[in-house]
Visitor: 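One structure follows; several queries about it will come next.
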Amino acid sequence: YLEKIVMKPEIFDLFPLSVFKDKILIQQKEKQEILEYIFNMEKDTENINKRKNDAWLGDTRGHEFLLKHPKMKTLARLIAEKIKAYTDMLNIDNDKLCFFYQRSWATITRTKERIQPHSHDQSNISFAYYPLKPEHSGDIRFIVQPQNEIAIGLFHQEKVKLGLLKEISKRNTPNVDLHIEENDIVIFPSKIKHSTIPNKTENPRISISGDVCIMLKDSFGHERLMPHYNKWQLF
């Protein structure tokens, strides 16, 4: 009798990385002014060399506080709303926190250019908003050390070519590409390594990216989160 019972295994996919994606819509005239301002920043820094096929990054060109500019006032407010929607999704009580734009900058990615893999270890939350995103101009890629990698290097592309891995799935991949369209904003933990796919078009892709720090309004009883800077002691 026992031999006739079919045992079905259970699979539990645990610990998801939650990436928040939404739309930000601003008036076309206002958006065009922002885009022109960003292109002018690129032009002003033409004398600074960058590696071939690397995107132009405003934060490494002396323009790392973009959202403080008066032109960005509306955009900064709308991004702030999305940031708080993201933390609310994580069931965090926003009323107990202060949110700060730590840095914010533009990127311009032209034909065959990309943004290399990196993370933002000095902040808590990072975002990228795409006011100019032609189709096929490159998506964002998230990169992790796969939880299921039972031997280091097992989930490498060459293992597929060698036939050891039969196929790539969400359970055995270190990279996941998220499709992006114009006006999208993507929000994620700063510690997650990410990059972009090369721009395959003749048209530039522009993102406005930034880092956010969170601080406790009242740090009583909390050991881990950062207390508000007004309690810090300068020496």
Side-chain angles (χ1 to χ4, degrees), residues 13-24 38 50-61 64 66 79 82-83 86 89-90 102-149 152-161 164-212:
D13 292 316
L14 308 176
F15 307 121
L17 168 65
S18 300
V19 175
F20 180 100
K21 186 173 82 165
D22 203 352
K23 295 284 187 185
I24 287 184
I38 292 171
K50 65 182 182 70
R51 292 183 301 182
K52 184 180 179 181
N53 294 333
D54 273 5
W56 179 87
L57 307 176
D59 58 329
T60 62
R61 299 293 187 272
E64 70 269 38
L66 180 64
I79 291 175
K82 302 302 182 183
I83 295 288
Y86 164 72
M89 176 271 298
L90 297 175
Q102 184 194 73
R103 298 185 308 163
S104 52
W105 64 94
T107 76
I108 302 177
T109 307
R110 298 185 180 277
T111 306
K112 295 183 180 180
E113 293 182 343
R114 60 172 297 187
I115 297 175
Q116 300 293 336
H118 65 288
S119 58
H120 302 232
D121 298 328
Q122 79 289 343
S123 60
N124 302 113
I125 301 166
S126 294
F127 65 86
Y129 159 64
Y130 297 84
L132 186 62
K133 175 62 173 65
E135 190 175 1
H136 306 304
S137 61
D139 291 327
I140 188 169
R141 169 173 291 174
F142 293 96
I143 306 160
V144 297
Q145 183 70 36
Q147 297 281 2
N148 293 327
E149 193 171 50
I152 298 298
L154 177 61
F155 295 161
H156 193 276
Q157 187 66 36
E158 70 172 8
K159 304 304 181 187
V160 178
K161 296 177 182 178
L164 181 60
L165 278 182
K166 294 184 289 184
E167 63 179 3
I168 296 295
S169 71
K170 288 185 177 181
R171 293 189 181 127
N172 66 12
T173 181
N175 303 326
V176 175
D177 298 340
L178 184 63
H179 179 61
I180 300 299
E181 297 178 344
E182 190 161 301
N183 299 318
D184 280 350
I185 183 171
V186 179
I187 305 171
F188 50 92
S190 296
K191 65 184 179 181
I192 297 301
K193 187 173 287 188
H194 53 285
S195 64
T196 64
I197 309 303
N199 185 347
K200 296 180 181 179
T201 76
E202 299 299 319
N203 302 307
R205 179 185 76 238
I206 289 183
S207 74
I208 294 175
S209 300
D211 295 328
V212 173

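Hydrogens, waters and symmetry mates play no part in the numbers below; they use all other heavy atoms, side chains included.
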Visitor: By the salt bridge (charged side-chain N to carboxylate O under 4.0 Å, His left out) test, which pairs, at least two apart or in different chains, include something from residues 165-176?
Guide: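 Sorted pair list: D13-R171.
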Visitor: Establish, from distance only, whether the side-chain atoms of D211 and S126 form a donor-acceptor pair under 3.5 Å.
Guide: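 The answer is yes; a qualifying pair exists.
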Visitor: I'd like to know whether NZ of K21 has more than 12 heavy-atom contacts from other residues, nucleotides or ligands below 6.0 angstrom.
Guide: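 Above 12, so yes.
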Visitor: OH of Y130 to NZ of K23: how many Å apart, nearest 0.5 Å?
Guide: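 Taking OH in Y130 and NZ in K23, the distance rounds to 12.0 Å.
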Visitor: To check you understand the geometry: which heavy-atom pair defines the closest contact between S119 and K191, and what is its length?
Guide: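 Heavy atoms of S119 and K191 come nearest at CB-O, 3.6 Å.
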Visitor: For H179 and D184, work out which heavy atoms get closest and say how close.
Guide: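 Minimum heavy-atom separation between H179 and D184: O-OD2, 4.4 Å.
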Visitor: Are the side chains of E113 and D54 in contact, using a 4.5 Å heavy-atom criterion?
Guide: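 Not in contact.
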Visitor: Tell me if a side-chain donor or acceptor on T201 pairs with a main-chain N or O of N203 at a distance below 3.5 Å.
Guide: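 Side chain of T201 to backbone of N203: a pair is present.
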Visitor: CG of L154 to CG of N148: how many Å apart, nearest 0.5 Å?
Guide: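 Rounded to the nearest 0.5 Å, the CG-CG separation comes out at 10.0 Å.
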Visitor: Quick check: are there more than 12 heavy atoms from other residues, nucleotides or ligands sitting under 6.0 Å from CD of Q147?
Guide: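 Counting other residues, nucleotides and ligands, CD of Q147 stays at 12 neighbours or fewer.
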Visitor: Nearest 0.5 Å, what's the CD1-NE2 distance between I125 and H120?
Guide: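 Result: 13.0 Å between the selected atoms.
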Visitor: If I take atom CG from residue N53 and atom OG1 from residue T109, how far apart are they, to the nearest 0.5 angstrom?
Guide: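 One finds 11.0 Å between CG of N53 and OG1 of T109.
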Visitor: So which of I115, V176, I180 actually passes side chain to side chain contact (heavy atoms under 4.5 Å, CB included) with I140?
Guide: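 Result for side chain to side chain contact (heavy atoms under 4.5 Å, CB included) with I140: I180.
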Visitor: With sequence neighbours left out, write down each residue that passes ring pair (Phe, Tyr, Trp, His ring centres under 6.0 Å) with F188, or none if nothing qualifies.
Guide: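 For F188, the residues satisfying ring pair (Phe, Tyr, Trp, His ring centres under 6.0 Å) (neighbours in sequence not counted) are F142, H194.
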Visitor: Rounded to the nearest 0.5 Å, what separates atom CG in D177 from atom CZ in R141?
Guide: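 So the gap between those two atoms works out to 4.0 Å.
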Visitor: Taking atom types as modelled, is there a side-chain donor on T107 or S207 under 3.5 Å from an acceptor on the other?
Guide: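 Yes, side-chain donor-acceptor contact under 3.5 Å.
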